[in-house]
Structures are given as C-alpha cells and as structure tokens.
**Student:** 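Please find one structure pasted underneath; my questions will follow.
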Amino acid sequence: METITLQTKNTTYDMAISPVGHLLHLYYGPKTNCDTSYRLQYYDRGFSGNPYEVEGDRTYSLDVLPQEYPVYGNGDYRDNAFNIQLADGTNGCDLRYKNHRIINEKYSLDGLPYVFGNEGEEAYTVEIDLADDIIGLEVTLRYGVIPEKDVITRSAVIKNNSDSKMIITRAFSTSLDLLHGDFDLIHFHGRHEMERLPQREELNRSVTSIGSRRGNSSHQHNPFVIVCDKKTDEDHGAAWGFSMLYSGNFKFRGFKDQFGLTRNMMGIQDDMFDYPLEPGESFETPEVAMIFSGNGLEDLSHKFHKMIQNNVIRTPLKDERCPVLINNWEATYFDFNHEKLLDIAKNAKEVGIEMFVLDDGWFGQRNSDEAGLGDWRVNEDKLGGPLRKFSDEINELGLKFGIWIEPEMVNENSDIYREHPDWAFTIPGRKPIRSRNQLVLDFSRPEVVDYIFEQISNVIDSANIEYIKMDMNRSLYDIYSSVLTEQSFGLILHNYTKGVYRFLEMLTQKYPHIRIEGCSGGGGRFDAGMLYYTPQIWASDNTDAIDRIRIQHGTSFGYPISTVGAHVSAVPNDQTGRTVPLNTRAVVASSGTFGFEFDLSKITEEEKEEVRYQIDNYKRFWPLIAYGNYYRLHDPEKDTNVASWMFVSQDGDEALINAVSLDKHGNEPVNYIKLRGLEPETQYVITSVTKDDDAPEPFISDGNALMHSGIPLPIISGEYQAWQWKLDKIDTIRRRNEVDKEPSEYDIESIDTKETVA
Ligand code: GLA
C-alpha cells in the first residue's frame, strides 16, 4: 500500500492509500521510521458493507477501517467529518485519492488565522487531492508541518466542480482515528466569569460532543481539547492536543466505535450549518493545529505555548513586555469624569504603573450599557476636551495611553442604529433577543465592517493611543442578513467571523505599534484564532484571585501565560465578595499580563509600597513568566488546601515558584509543594521573594530533594496567603558573582546548608 508519512522532530503521522483509493489513517504517535500499515487488519464484519470495486471481498469495509477524512456516503456508518447535500436532495460522497504534492512552506488561509512558519524555520505542506468524480466534488486535505515544534495542522478545501449547487452540511477540519486503546477527553468548560475549567471524561461508545453555537468560541466551551491515554498525567503518557484557530462556532466530537477504534473530530460547528457552494466555488475550512506528546500533559502544554508564541502571534511587539497597566473599569464602571480619571492615573504613576487604559463609557451617550454603543465619537464632556488633550495629559504623567472598543455591537439607543437599523442582526417580523441591551452588527457585510473601522480609526488617529482592548459582549442570535436573498446560517456566521478577522487585520496593518488585547466579556473568545491578531486576551471578567487560580490553571493547558490578561482588583471582590490579601492578588495576577483595576487613591501608603514592590518583581521576573516553562503543581479539583505553580527558564538556570493557601483548618498539618522541571542532581538556592517576617530563610537543596520531597509552606493565620520563591542554580549565582561581576544577589556561603529539606 502506498503510504504518505509526515515526520516531525518527535512524532510520526502516517496515512495509506488503499488499493481502491481510499485514504486511510495508520498512525499518529512517537516517531517511527517503520511502515505502520501492518496495523490494519481485515475481517468479514456483519452489517458493515463493502464498496462495489472490491468484488466480493467482504473484509474491506469503510465502516471498520480507520480513515483520514471520514465522509458520509462510502459505507462508513460511523459519525463522520464531512457531508454534502446535492441539488437532487441526495446526501453524501465517496472521495478517492487523486494526487498529492509536497510544498516547501506552510500553507496559508484566506482571511482566516493560521499557524505560520518563521523565516529560517523548516516548515512544509502536504496537499492530498481527493475527489468524487461522479458528483464533481473535490476535497484537498492540507497538512502543515513545523517539524521542530512537533506541530501538524489540518484544513480542507472543498470545491464544487459540478454544474449545480451543493450544500455542505458538515466540513470538519480534522479527524483522527485511534485504532485501539482507552482514551480520555480533557476539555475546558465554563461560564461567564468562570471560564476554561478542565473536565476529564472517558471517550466511550456514546458520542461526546462539545462546541459553541453562540457566534464566538464561547465562555462555555473552548476550542482547545486534549485526548489522552487513561493513565496520562502531567509528566507521563500519551496526549494529543487539538487547537482550533477559529473564534466562531466550533465542534469537537469523539467516540469509540463498535470495534474499539476512537474517532476524534474537530471543526466548524455543523449545527444549523448549511454552506451553499455554487458551481466553481470552494470553501476553506478553518485550521486545527495538532501536537502529540508521549511525555504527559505538561510537555504537551509547553509545546502549545511555544507554537502560539512563535507561530501564531504575529505582532512585532510580541517580544516586548506589556506595560503594567491600570484599567479604570472596576474603579469607576461608567461613572467617571476627567478629574476622576486623571486622579486614578496620577496615583497609578506613583506606584510604578506604566499605562492607563480607558475602558467603556468614553464615547457617544454611553453612560450606562443602555445607550451609545456603536457611536464612536469621543464624549468630550466626560473627558474634559478632545481625546488628544486627554492622551497628552496621560502621556505627560509619564504613562502610555490605551482605550476600549467594542466594534461588533450596537445599542438600539444610538445614532448608528437609528440611521442603519438593517445593520444589526434581527429577523424581520420578530423582536430580537436582547443581551446587555445590545444587538450585534452584521459583520458578514463588508460595508458595515468598513464603516465601523473608519469611525474607530478616526478616534485612534486623533490621539496617541498605544493599546486597544477589543471587546465583544454578547452571543449572536437572530441571524439574518438583510442583503442576502437566501439566508444561510453557515454563510452568515462564518462570514461574520471572517468580518471580525478582517477588522482585526486592518487594525493590525494600519497600527502595527498598537498592542491589542482581545476580550469577550472576559474570556468568551479566548482561542488561538484571536491570538493570531491579539497577543493577549482578558482572561475573565472575574478578578477574584482565588477563582482566577482555577481559571488561569485551566487556561494554561492550551495557552501560554504571556497571553493571559490578569489584574489586581479591589476587595471585597466585585464578582464574589471575597477578601483576599493584596500580596495574593498580585501573585496570582502576575502570572499573566499584569495590571491593576481599582482606584489606587483608596489604598494606604503601606499598601502603595507593597504595590511598588509587586510591580518591580513583575518586571524583574517577566522573562521567566513569559518564556519559562510553566508547571502546574496542583490540581484545583483535588487539592483544596494549596494551589501552586512554577516557571522554569528555558536554560534551566532559574525558576519562580508560586503558592497560595486555600482552605484553612485547625491544628493543620504542614503542606509541602513538590517542584518539577529541575535537574535532579543540581544544587539550587531557594530564596523567598515574599516580603514577610514569616517567610523562610534562604536555603540550599538539590533537584531530587525539591522534586521528591518538596518545600514546606509556613502555617500562618488567615486564608489565602501567598508565597513566591526564586530558585537559582548555585553555579549560576557563582558565575554571576565571579565571572559576570554582577552585584551579588546572594551570599551563598552564609546560607546554612544543613537546613535544606530532604
Ligand atoms: C466587558 C469586559 C470588561 C469591561 C466591560 C465594559 O465585560 O470584559 O472588562 O471592559 O465589558 O463594558
């Protein structure tokens, strides 16, 4: 059997062309150089039909064999990745191999985000043409390979070569048939203010299906999932990750078939999806990036982090630290004026904050969420003059200036809606579903996108803006585009998402120096598609540090810490009413793009001093936080006493450990944190970063002791205490002190080695 094999540094992906031209899946796992087609076994299976050409060979059935892109119409009764409806009302197709070619670069997509190869980095594409000549359908499967990063991407191009219309009713981007074994699915569910909570469940005979029907990738489910062996944990076992670069409706479906094969499929949501394809037209599916690791979930996460940082995020600013910012939202909500804003900015500057971000409420009649959305004209009364004057005032304080926008939305009480009511999604004759008093603009229409872009662009051009927070505050409904004669969910919703991407493309092209933060009521659109345009995303509208630990923990499986927007807010927290110490709020928020979201004039001088210290620490540790390997040291579902996580620099020389005590108990036992990612026999100096009388003295220990026995947390009174430790290899400190002649951070000789933990 002819095979097509993709090789990455550590993995192999193998396919075969069957004698009658079906593209079968053979293998995706640790690297092998063998022909893996021996894995296919053929038996006569009852009720599993056979194609005509195999001439009575009852052992060849597509109902049993693992397939590369399973379709309805060739004898596979299992849930499949593709279906098409023809003009005569019949369904299905039978795709056969035609051709394949290798191209020496990673393919791109038209108007959709994709993983790209960097200059000097090996990347290639394999395109496999499949066709059903009887109905005139062509499907090209595209595989993009970035060998060094173990990344394999998939997307399909579907072309109607017939002379009548076809309707695509399902077109997933990827399908992976795992021939045998027992697997779990880890997916990330949630809700507004509590996003991306991991849930691990068995993939079994019933279909497990998750996805979004809301027009954004959603708070409820995330387009990143992991399929893994039942025994896979953080540092052992096989895991396949799937990250869809798409911010609209998506779906994942996984199940075990009658003979124990596990099928995993991911792509654009097919519920209510009917994508019309006129003769000669084609449809390109969004991309799914896949990575396999045989070394557990943390290795898989590290690989996805690197892929997103290096091969998804594009902005030229991506290697610069995001300035520590103050955002006025939780400090003022809509209730602000010029004086109040300047006061917040002045207090922020005093503690070392670097940027002021003006949130919702600066435009039109936007004094509550009931009016003004869509009217992108500065409210000069509120800002005390033109935006330029205000941004100058902020700049004069020594702060950069950023601003909030929500381009896709409109209030009915706005000038733009009064002028163009047909620009919002509403179904004629029906009252629309309102959400946060707003409707959604029809971004599937280029003229609407262009108009909004022009309005917002005028504002940007009028002032010195260096940061934009781009929000999206409701789910889509009442899908109806008033310029189409034939309404189609597939067409409108997909073109809407492409419209959002076009808006972002124009914004990033025109303003490459502006850093954009994605947002959708917090983390309702936290996906790799958005990260192609925005290097960071506001992770959640929930700023409660204890809830944030869980949100940030879940987010870390698929997304790097450098992308996680995280702020310190006031206590009692506005979302939960919980009171958490300032140090703990800062420790949690510093595992992200650090900022503040409350009125710093309301805190004491002592607290201001603490904030200064926290900001200095963040600046000092940022390279480690952003580019170090992230280790989840606890599981919030199981560990209710302590949460902990750490960063280890890529060269392994230094690490930062973070721990937060959760539940308190009487007469409690000591909690130990077992570290990971260290060199077993190397000696490290462990120093407390936390300014606290109870903080343990510096001590020396080796990787073995730290990883197998751990370090003890002090028992102190009160819930939600936090600690941070810095770890440095002794040799690195000596080198710094002796060779680099850097000022000595540690006096190693004075540290009592007998106090090491063993
Ligand atoms: C969303 C965002 C918040 C804030 C408000 C403003 O909820 O997630 O951070 O910007 O909108 O309306």
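Below, each value reflects all heavy atoms present in this structure, side chains not excepted, and no hydrogens, waters or symmetry copies. For ligands, and for the atoms within them, numbers begin at 1 and follow the listed sequence.
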**Student:** If you count the atoms of ligand 1 from 1 in the order shown, which ones are under 4.0 Å from a heavy atom of K469?
**Tutor:**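 That gives atoms 3 (C), 4 (C), 9 (O), 10 (O) of ligand 1.
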**Student:** Heavy atom to atom 10 (O) of ligand 1, shortest distance: which of N327, D369, V357, D359 holds it?
**Tutor:**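 The option holding the nearest heavy atom is D359.
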**Student:** When you look at R502 and D450, which way does the salt bridge (Lys or Arg N to Asp or Glu O under 4.0 Å) test go after all the steps?
**Tutor:** CA-CA 9 Å; R502 196 166 72 81; D450 288 342; 3.0 Å; yes
**Student:** Could you pull out, from D541, T543, N542, the option with a heavy atom nearest to atom 3 (C) of ligand 1?
**Tutor:**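 The option holding the nearest heavy atom is D541.
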**Student:** Strictly below 4.0 Å, N to O, side chains only: are E610 and R585 in salt-bridge contact?
**Tutor:**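 Salt bridge: no.
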**Student:** Any idea which atoms of ligand 1 are less than 4.0 Å away from a heavy-atom of C519?
**Tutor:**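 Atoms satisfying the 4.0 Å criterion: 2 (C), 8 (O).
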**Student:** Which ligand 1 atoms, with their elements, are less than 4.0 angstrom from a heavy-atom of D360?
**Tutor:**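 Taking each heavy atom of D360 in turn, ligand 1 has 6 (C), 12 (O) under 4.0 Å.
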**Student:** Looking at D422 and R445, is any side-chain nitrogen of the basic one under 4.0 Å from a carboxylate oxygen of the acidic one?
**Tutor:**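 Result for this pair is yes, salt bridge flagged.
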**Student:** Using the ring of W538 (Phe, Tyr or Trp, six-membered ring only), decide whether R548 places NZ or CZ under 6.0 Å from its centre and within 45 degrees of its axis.
**Tutor:**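 Yes - R548 lies over the ring of W538, closer than 6.0 Å to its centre and within 45° of its axis.
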**Student:** Should you measure from each heavy atom of R436, which atoms of ligand 1 turn up under 4.0 Å away?
**Tutor:**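 Matching atoms, with element in brackets: 6 (C), 11 (O), 12 (O).
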**Student:** Mind checking whether N473 has an N or O less than 3.5 Å away from an N or O of ligand 1?
**Tutor:**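 Between N473 and ligand 1, an N or O pair is found under 3.5 Å apart.
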**Student:** Is any side-chain heavy atom of K318 closer than 4.5 Å to a side-chain heavy atom of S562?
**Tutor:**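 A side-chain contact under 4.5 Å is absent here.
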**Student:** Say whether Y720 and T579, considering side chains only, have a donor N or O and an acceptor N or O under 3.5 Å apart.
**Tutor:**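 Side chains of Y720 and T579: no pair found under 3.5 Å.
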**Student:** Are any of the side-chain nitrogens in E393 or K389 under 4.0 Å away from the carboxylate oxygens of its partner?
**Tutor:**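 A salt bridge links E393 with K389.
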**Student:** For G522, counting its heavy atoms only, list the atoms of ligand 1 lying under 4.0 Å from any of them.
**Tutor:**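 Counting atoms of ligand 1 from 1, those under 4.0 Å from G522 are 8 (O).
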**Student:** Which ligand 1 atoms does W538 reach within 4.0 Å, using its non-hydrogen atoms?
**Tutor:**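 With W538 as reference, the close atoms of ligand 1 come out as 8 (O), 9 (O).
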**Student:** Of the choices N328, L373, D471, which has the non-hydrogen atom that lies closest to atom 1 (C) of ligand 1?
**Tutor:**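 Closest candidate by heavy-atom distance is D471.
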